[in-house]
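Each ligand, and each atom within it, is numbered from 1 in the order the structure gives.
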Amino acid sequence: YQAKARGGGCSAYFDVDLRKRVQRHMDLEQDLRRAVHQEQLWVAYQPVVDLGTGSTVAVEGLLRWRHPAHGSIPPGEFIPVAEESDLINSVSAHMLRTATRQVAAERERHQLDLGLNANLSPRQLDDPGLRALVQRALADSGLPGRALCLEITEEAIMQDPTAAARVLHALRELDVSLAIDDFGTGYSSLAQLRRLPLDTLKIDRSFITDLGASDELRIIVTSVVTMAHGIGLEVVAEGVETAQQLDFLGSIGCDRVQGYYLSKPIAIEELMASPPRSWTR
Ligand code: C2E
Ligand code: CA
Ligand code: CA
Ligand code: CA
């Protein structure tokens, strides 16, 4: 098998590789169908820290899959699998129900004014049941709408800005807030975003990672913060890994930060036991 692949040159390697990937994709899809019911999916939480007060104002819920045979599979691998099948609806519903319930419970137990950020997949924007799903998760958990922020990637919005605007307005009726995620990786302009009912802009990690090495990046990030504020959006920087990045973002008036420097995404019990910063009450 190996010898044949080698003799066939690059394309044979590619075929072997492609076949493996297709097989893995199909296996994952089957396993994911089971995972939803067998409690293999759980939610990790990463704190969002306010630079003005220095306290943790919210947590972003990030899906995790503990696969019985393959160990931990990252969402970057299984969310696309879910999106290419009908699974994205049950996976998303499971995520939203779990996260709203857990955060509502901690708010109650510790008397915290803690927000929850949840990611919506691009496919969910096309789902006519989305508003009802969110509404039910809020009602069942008791989490107030104003404590929930839904994150939608710039790319998902730009696929069909008119349709996206309709969905965002419908969600807004639930009193939830809305964030544009991974800003800077797509092709939108702030002029376009201005027309959408958004509250927050999240600057993609790729801009933050190299801040220290590039004058240009510092200028770009500074003007994104200024322009976002100018159209009434709060700004969150993602992927903050160093004290220098944190200091710089504070100096240019960025509102909130997230990143390994403060905390990796961790289980709710672990986060509540030792928060990286004080909570907002
Ligand atoms: P995202 O929404 O942009 O989430 C941020 C990602 O950056 C997370 O990866 C997080 O662990 C990682 N991250 C946070 N801080 C740092 C840092 O300082 N350095 C580095 N290197 N990375 C950092 P994760 O958890 O692997 O999630 C990847 C993506 O999967 C998310 O990107 C999101 O698009 C998607 N995803 C995760 N959970 C869900 C979900 O429940 N629903 C949907 N639709 N998508 C999800
Ligand atoms: Ca996100
Ligand atoms: Ca992001
Ligand atoms: Ca991302």
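Considering each of Pro75, Gly259, Ala99, the one bringing a non-hydrogen atom nearest atom 30 (O) of ligand 1 is Pro75. Distances from atom 21 (N) of ligand 1 to the heavy atoms of Arg123, Glu241, Gln258, Met95 show the closest one on Glu241. Counting heavy atoms only, Asn119 comes closest to atom 2 (O) of ligand 1 of the residues Asn119, Leu262, Thr242, Leu96.
Of the candidates Arg107, Glu108, Glu106, Glu106 is the only one forming a side-chain hydrogen bond (donor to acceptor under 3.5 Å, both in side chains) with His110.
Here the Ca ion (ligand 3) is the vertex; the OD1 atom in Asp181 and the OE2 atom in Glu238 give an angle of 90° (to 10°).
Among the atoms of Asp182, an N, O or S atom falls under 3.0 Å from the Ca ion (ligand 3).
Of the polar atoms of Arg205, at least one N or O is found under 3.5 Å from an N or O of ligand 1, judged by distance alone. The shortest N/O to N/O separation between Ile79 and ligand 1 does not fall below 3.5 Å.
A 4.5 Å side-chain heavy-atom check between Asp204 and Glu238 finds at least one atom pair inside the cut-off.
Ligand 1 is approached by Glu60 to a heavy-atom distance shorter than 4.0 Å. The closest approach between a heavy atom of Arg64 and any atom of ligand 1 is below 4.0 Å. Pro74 does not count as a contact of ligand 1, since none of its heavy atoms falls under 4.0 Å from the ligand.
Put simply, the side chain of Gln30 never gets that close to the backbone of Asp27: no donor and acceptor are under 3.5 Å apart.
In Glu60, the N, O or S atom that comes nearest to the Ca ion (ligand 2) is OE2. Sorting the N, O or S atoms of Glu151 by how far they are from the Ca ion (ligand 2) puts OE1 first.
Contacts between Val240 and ligand 1, counted as non-hydrogen atom pairs separated by less than 4.0 Å, involve the backbone only. Contact annotation: for Asp182 versus ligand 1, heavy atoms closer than 4.0 Å belong to the side chain alone.
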(request) Go through the steps to decide whether Tyr45 and Glu270 satisfy the test side chain to side chain donor-acceptor pair (under 3.5 Å), and finish with yes or no. (result) CA-CA 10 Å; Tyr45 295 91; Glu270 203 183 332; over 6 Å; no

(message) side-chain contact (heavy atoms from CB on, under 4.5 Å) for Val224 and Leu201? Distances and angles first, verdict last.
(response) CA-CA 9 Å; Val224 167; Leu201 179 151; 3.9 Å; yes

